[in-house]
Amino acid sequence: MVGATENSDCLECHSDAGLSRAASEGIKHELFVDSNRFKHSVHNINGIGCVDCHSDLATLNFDNEVPHSTSAEPVSCDNCHDAEARAYTNSVHRKASGKGINIPCYACHEYHYTSHLDANSVLERENAFCLKCHNPGKFHDWLPQKETHFAFVECTVCHAPDAPRHINLRFFDLVNNRFLTTPELMTAMGTTPADFLPLVDRNKDQVINAGEFDDMVFLLRQKDVRVTVHGELVIELQPSVHHVNRGVANRECEQCHVPTSPFFEEVRLTLAEPDRTTTHSNVERAVLESYHVSHFYALGGTRIRLLDKIGVGMIAAAAAVVTIHLLARIATIPNRRREHDEL
Amino acid sequence: MQQQARKLHIHSVYTAEHPKKMYVHPAPVRVWHWVNAVSFVLLIVTGLQIRFAEMFSFFSLEEAVRIHNYVGFVVIGAYALWVSFYFGTGKIRLYFPNPKTFIPDAIRQTKFYTSGYFKGEKNPHTMTPDHKFNALQQKAYLGIMFLFLPAQMITGLFLWRIKGFANYIDILGGVKIVDTVHVVLFFFFSAFLVAHAYLATLGHTPLAHFKAMFTGYEDHH
């Protein structure tokens, strides 16, 4: 029998949780592939089979080649992910490979379970990537609000300064103290993910503006869904993200913490599906200044402009009263001099 | 002429029987006051930089935040000194208006500031160690020391470690609410500083109250 090309052929053996081989120096090399997790991987969803990556095993004679050669060719992700590979070439992680460390793609992206990253919160994403190896607590003492930055800003926002960024907004259920799932949101709104934007975006400009956002939250309240909106600053999943390098991290607070910061231009409402795929709806930036988004507030970057007017008014009023009083005081100096002389 | 001489006589008797200088600002109060004053100026300058980073660059934003945080703790420390002194000595009652006389006192004091002063009338309130503040000052300082300043210190503390105080911030309705309170009070204190510094020039000479706040002795003219 020739040609083991179906995933099911491979999984016949590799779904055995105990499958392993002895690697060098007594280390066991696990050969198990969790078929349930693989099923949800982005590769499987896109119809990529085992032998698309393990191409040297595209044909396998089950009768005399199983178990197959243990020295299967290393998989090169570059064959398909050209742009990502190019961006990675100059990254500090690739450069480290010359120093006896090898950081292949799957060191971060996992062997068989590469999944959609969109839906993850910053913390989930970082746990899956940077925090596997790095301890950010060690190197960021200069950073005010260290923990807050770690919770709301992805590492690559600063460490891959060329990557485009945006704000992800997600509904947080205040009653159950967790993110609201998309099915829950859809049930409450009486719609489907496909009809969600048309329902909310009343003026059909493909952007949820501040008024439409208000209406949406109001509708949820009517359905007894108490939510607040959490924001996160994340990078777009583009190849440039791989371009993480030494000495290029952004340390200028002013990049983010000014109202003109481009980081807050792109705001998206993220609807996460259980399979971790997401749909995004564009949201007007002004929503960040609304009281719905009261748990995400970047100094300067999303400040409430109305407050500035109130503040300037308060100081101007004080200055005006003082000036008027001072002028009257100067004008009435002769009065008081006369009074004093009489004494 | 005779009348004028009598006035002068009365005046001199008054000053002879009462000490011309009266010790109304004890040392701990003066220390607290000036530490607070310098700190507030620093907090306002760095606060402006932090909020309007696109407009002001007295420092880098990183430095401004660091200075703002340190000075914030100095203000909290100075407040602890104020609380210990005023409550420890019982002088805290200086801050409480007399409910029976508050309204007429306040009206009389307002009249003085808005018209009497210009006519050269005498301030209806004479500062003594037991009666340091006029009715308007009592009301204003009571609000500031018991409400606004604590609110500013607490919101500032929460904003210093948003993650560490996340539970309290959530109870208050989120970081935006806490920051809004902090910023509104920041504007209030900035406006207050302008008015406070000006009102302090309304002594018998423009610098009299300033000097007293250093020496502790108010001149009774």
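Labels below follow one simple rule: chain letters A, B, ... track the order of the sequence lines, proteins then strands, and each chain is numbered from 1.
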Can you tell me which portion of [X] sits under 4.5 Å from chain B's heavy atoms? Options are side chain, backbone, both or neither.
X        : result
A:Leu288 : backbone
A:Leu307 : both
A:Phe296 : backbone
A:Thr323 : neither
A:Val321 : neither

Closest approach of [X] and [Y], non-hydrogen atoms and distance?
X        : Y        : result
B:Arg66  : A:Trp142 : NH2-O, 3.9 Å
A:Ala318 : B:Ala191 : CB-O, 3.6 Å
B:Gly173 : A:Ser294 : O-OG, 3.1 Å

Looking at side-chain heavy atoms only, is the closest gap between [X] and [Y] below 4.5 Å?
X        : Y        : result
B:Glu54  : A:Pro259 : yes
B:Phe187 : A:Ile315 : yes
B:Leu202 : A:Arg329 : yes
A:Ile304 : B:Lys176 : yes
A:His257 : B:Ile50  : no
B:Phe52  : A:Arg303 : yes

With a 4.5 angstrom heavy-atom cut-off, which part of [X] approaches chain A: side chain, backbone, both or neither?
X        : value
B:Ser57  : neither
B:Tyr117 : both
B:Val65  : side chain
B:Val184 : both
B:Phe188 : both

Would you say [X] has more than 12 foreign heavy atoms packed within less than 6.0 Å of its [atom1]?
X        : atom1 : answer
A:Lys132 : NZ    : yes
A:Leu326 : CG    : yes
B:Tyr23  : OH    : yes

(request) Determine yes or no for a side-chain-to-main-chain donor-acceptor pair under 3.5 angstrom, with A:Glu254 supplying the side chain and B:Leu61 the backbone. (result) yes

(request) Could you check which of A:Leu143, A:Asp308, A:Ile324 has the highest count of heavy-atom pairs closer than 4.5 Å to chain B? (result) A:Asp308

(request) With a 4.5 Å cut-off on heavy-atom pairs, point out which of A:Thr260, A:Thr302, A:Thr228, A:Val293 contacts chain B the most. (result)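 Heavy-atom pair counts peak at A:Val293.
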
(request) Classify the angle between the aromatic ring planes of A:His325 and B:Tyr198 as parallel (below 30°), tilted (30 to 60°) or perpendicular (above 60°). (result) perpendicular

(message) Non-hydrogen contacts under 4.5 angstrom with chain A: give the residues of residues 155-172 of chain B involved, or none if there are none.
(response) B:Leu159, B:Trp160, B:Arg161, B:Ile162, B:Lys163, B:Asp170

(request) To the nearest 0.5 angstrom, please state how far the OH atom of A:Tyr291 sits from the CD1 atom of B:Ile177. (result) 10.0 Å

(message) Just by distance, no angles: are the side chains of A:Arg251 and B:Ser60 close enough, under 3.5 Å, to form a donor-acceptor pair?
(response) no

(request) Among the options B:Phe192, B:Phe186, B:Tyr113, pick out the one with the most heavy-atom pairs lying under 4.5 Å from chain A. (result) B:Tyr113

(request) Identify which of B:Thr114, B:Val183, B:Thr201 forms the greatest number of heavy-atom pairs closer than 4.5 Å to chain A. (result) B:Thr201

